[in-house]
Amino acid sequence: MKKSCIVISIILLLCFLTASCSAGSESALTINDTAEVNTEIFTYFLNDAYYSGSYETEDQCVDAATSKCLEYMAVNTRFAQMGNKLSQNDKADIALEVNSLWRSYGAYFTELGISKNTYFKIKQYEYCKEALRFSLYDTDGETPIAETYIEQYFTSNYVGIKYFYEELYTAVSDSEYEALSETEQLIYDAEKEAAEERYQSISEIADYVNSGVYSIDEAFMAVTGEISADISVSATVVGRSDSSFSSDFIEAVFKQTVGSAFIITNSDHSYLYFIERVDLLSDEYDFYDEYRDACLKAVSESYFVSEINTWVQSCSTVRHMSAVNGCLNAVTSVDRSKYAGTDEYVFKSLQYSEE
C-alpha cells in the first residue's frame, strides 16, 4: 500500500515539477508520459558520468545520466509529497554556494548549455536529498534508525584524542648538512641533541601516565610547562579515512586504548605529538553531537539507496535520442583544460578504443 501511494504521489506531483524541469530547453527524457526532463539537467548529469572514470562507453554514461535524472525527479517529488519545504534561509545558503561555485565553473557550464538557474536547481535537489534522508531516518523520521546503531558506528570508525604538538627542530638531509658551515653544523648538532633529550623526557612522562604515577592532566602540564595545559592542548576526532593526518598516524591512534598516553613522532624525532586517547562519548566533549549527522548518513546509506531505487523503478522513461545525442556532443566537444576548476580528463572508452 505504501509503494502504491508513493507511485500515485509521484505521478501527481510530476505534473507540478514538469515546468521547472522542462522550461527553457529541449526535452531529453519523458517520465511516466507526463514529466519532461530538459537537456540542461540531462547534460549536467551526463557530464558528471562522462568524467567520473566509472564508465567505459558512452552508452553507459547515458544510462547513468538517465538514472540520475530519474533520481532527481523522484527525490524532488518525494520531498514535496512528505510535506517538506526549503526555508528562506536554506535557499539563501544554496544561493551563496551557487554564486561561489559559479565563479569557478560558470563559464564551463555555460558552454555546456547549462544555465545558472539550472545549476541552482541541481544544488537545491542535492540539499533536498539530504533533508529527505533525515526525514526518513532521523529520530522523528518515518523509519528512524536506532541511536545505539549510530553511536556504534561512531565509536567503531572514529577515535577521540587530546594532544600537544611540538616541533623539536628542523631536520636537514645529509647533503644539506654537508653544505652547512662548521659553525652551522655545531649549532644544528646541538639543536638535534637537545631535541632528543626533550623527546626522551616526554617519553618518560607518557610512561608515568601509563604506570599511574601521573594523571593525564599532570602529564600535559609537565609536557607543556604551563600551570594550565588548556592553553596549548587540543582535542579532536580522527576518522579512519581522515585526510588531515597520515595513514601511519591514524593506524597508531586506533591501536591505543582510552585513557592511555603515547607519543607519535617521525624517524629523526624532529617533531612529536603527545597524545591521550579519550572517550568519544564523554560529556566533557561534544564529539558525538558534532559527528552524529555524518554517522547517520553513513549508516542510512544502503537503506536510502534502496528506497530511492524503489521510487525510480516505479517510473517509466522515454529518451528523446536526438536531444540526448546533442547533450553528449556538448559534453565531449568542450575543451575542459581552458576552464578554472576543471581538469583535462581522458575518457576511459577512448583509451580502450585505441588498444
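Judged purely by distance below 3.5 Å, without hydrogens or angles, the side chains of Ser270 and Asp268 pair a donor atom with an acceptor atom. A donor-acceptor pair shorter than 3.5 Å cannot be found between the side chains of Glu290 and Tyr285. A donor-acceptor pair shorter than 3.5 Å cannot be found between the side chains of Asn117 and Ser115.
Thr118 places none of its side-chain heavy atoms less than 4.5 Å from the side chain of Thr43. Side-chain atoms of Glu58 and Thr332, non-hydrogen and from C-beta on, do get closer than 4.5 Å to each other. A heavy-atom distance below 4.5 Å is found between the side chains of Ile41 and Cys69. Contact of the Asn47 side chain with the Arg336 side chain is registered, since non-hydrogen atoms from C-beta on lie closer than 4.5 Å.
Between the Asn157 side chain and the Arg240 main chain, no donor and acceptor come within less than 3.5 Å of each other. Judged purely by atom type and a 3.5 angstrom limit, Asn99 uses its side chain to pair as donor or acceptor with the backbone of Ala95. Under a 3.5 Å cut-off, the side chain of Gln60 and the backbone N or O of Glu56 do form a donor-acceptor pair. Checked by atom type and distance alone, the side chain of Ser215 pairs as donor or acceptor with a backbone atom of Glu218 at under 3.5 Å. A distance-only check finds no donor-acceptor pair linking the side chain of Ser100 to the backbone of Leu96 [under 3.5 Å]. Using a distance-only test at 3.5 Å, with no hydrogens or angles considered, a donor-acceptor pair links the side chain of Ser87 to the main chain of Asp90. The main-chain N or O of Val62 is found under 3.5 Å from a side-chain atom of Thr66 such that the two form a donor-acceptor pair. A donor-acceptor contact shorter than 3.5 Å is absent between the side chain of Tyr119 and the backbone of Leu101. A distance-only check finds no donor-acceptor pair linking the side chain of Asn38 to the backbone of Ser27 [under 3.5 Å]. A donor-acceptor pair under 3.5 Å is formed between the side chain of Thr34 and the backbone N or O of Asn32.
Other members of the cluster containing Ile275 are Val159, Ile161, Tyr163, Tyr165, Val238, Phe245, Phe249, Ile250, Val253, Phe254, Phe262, Ile264, Tyr271, Tyr273, with ILVMFWY side chains joined at under 4.5 Å, either directly or via other members.
The pair Glu301-Lys297 does not count as a salt bridge, with every side-chain nitrogen at least 4.0 angstrom from each carboxylate oxygen. Salt bridge status for Arg292 with Asp286: absent, with no side-chain N to carboxylate O gap under 4.0 Å. For the pair Lys123 and Glu126, the salt-bridge criterion is met [side-chain N within less than 4.0 Å of a carboxylate O]. Between Arg198 and Glu166, at least one side-chain N (NZ, or NE/NH1/NH2) sits under 4.0 Å from a carboxylate O, which counts as a salt bridge.
Among all heavy-atom pairs drawn from Ala49 and Tyr55, the shortest one is O-CD1, 3.4 Å. When every heavy atom of Arg319 is checked against every heavy atom of Leu29, the shortest pair comes out as CG-CD2, 3.4 Å. Contact record, Tyr188 with Ala171: OH-CA, 3.6 Å, taken as the closest heavy-atom pair. Closest heavy-atom contact between Ala195 and His269: CB-O, 4.4 Å. Closest heavy-atom contact between Ala74 and Val312: CB-CG2, 4.4 Å. Among all heavy-atom pairs drawn from Cys315 and Ile31, the shortest one is CB-CG2, 3.8 Å.
To the nearest 0.5 angstrom, Ile308 atom CD1 is 7.0 Å from Leu132 atom CG. With rounding to the nearest 0.5 Å, the separation of CG in Leu168 from CD in Glu197 is 11.5 Å. Rounded to the nearest 0.5 Å, atoms OG1 (Thr148) and OH (Tyr153) are 15.5 Å apart. Here the CZ-CG distance, from Phe287 to Asp279, works out to 10.0 Å after rounding to the nearest 0.5 Å. In this structure, CG in Asn76 is found 7.0 Å from CD in Gln124, a value given to the nearest 0.5 Å. In this structure, Lys129 NZ and Tyr72 OH are separated by 13.5 Å, a value rounded to the nearest 0.5 Å.
Remark: Lys162 NZ is packed, more than 12 non-hydrogen atoms of other residues, nucleotides or ligands lying under 6.0 Å away. Other residues, nucleotides and ligands contribute at most 12 non-hydrogen atoms within 6.0 Å of the OH atom of Tyr208. Crowding of Tyr214 atom OH: a count of heavy atoms from other residues, nucleotides or ligands under 6.0 Å not exceeding 12. Within a 6.0 Å sphere centred on NZ of Lys255, other residues, nucleotides and ligands contribute 12 heavy atoms or fewer.
The aromatic rings of Tyr303 and Tyr137 are tilted relative to each other, their planes meeting at an angle between 30° and 60°. Aromatic ring orientation, Tyr44 versus Phe109: tilted (interplanar angle from 30° to 60°). Ring geometry for Tyr158 against Tyr291 counts as tilted: the plane angle lies between 30° and 60°, on a 0 to 90° scale.
Cluster annotation: Val237 is not connected to Val258 through the hydrophobic network of ILVMFWY side chains, with a link wherever side-chain heavy atoms come within less than 4.5 Å. With hydrophobic clusters built from ILVMFWY side chains whose heavy atoms lie under 4.5 angstrom apart, Val318 does not share a cluster with Phe42. The same ILVMFWY cluster, assembled from side-chain heavy atoms under 4.5 Å apart, contains both Leu328 and Met321.
Among pairs with a residue in residues 167-181, those fulfilling side chain to side chain donor-acceptor pair (under 3.5 Å) read Ser173-Ser175, Ser173-Glu176, Tyr177-Asp189, Ser181-Glu184, at least two apart in sequence or across chains.
Here Phe220 and Phe164 keep their ring centres 6.0 angstrom or further from each other.
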Quick one: do Asp59 and Thr57 satisfy side-chain hydrogen bond (donor to acceptor under 3.5 Å, both in side chains)? Show the steps, please. CA-CA 5 Å; Asp59 285 345; Thr57 68; 5.4 Å; no

Kindly determine whether Gln200 and Glu204 satisfy side-chain hydrogen bond (donor to acceptor under 3.5 Å, both in side chains), including the steps that lead there. CA-CA 6 Å; Gln200 293 299 331; Glu204 290 178 4; over 6 Å; no

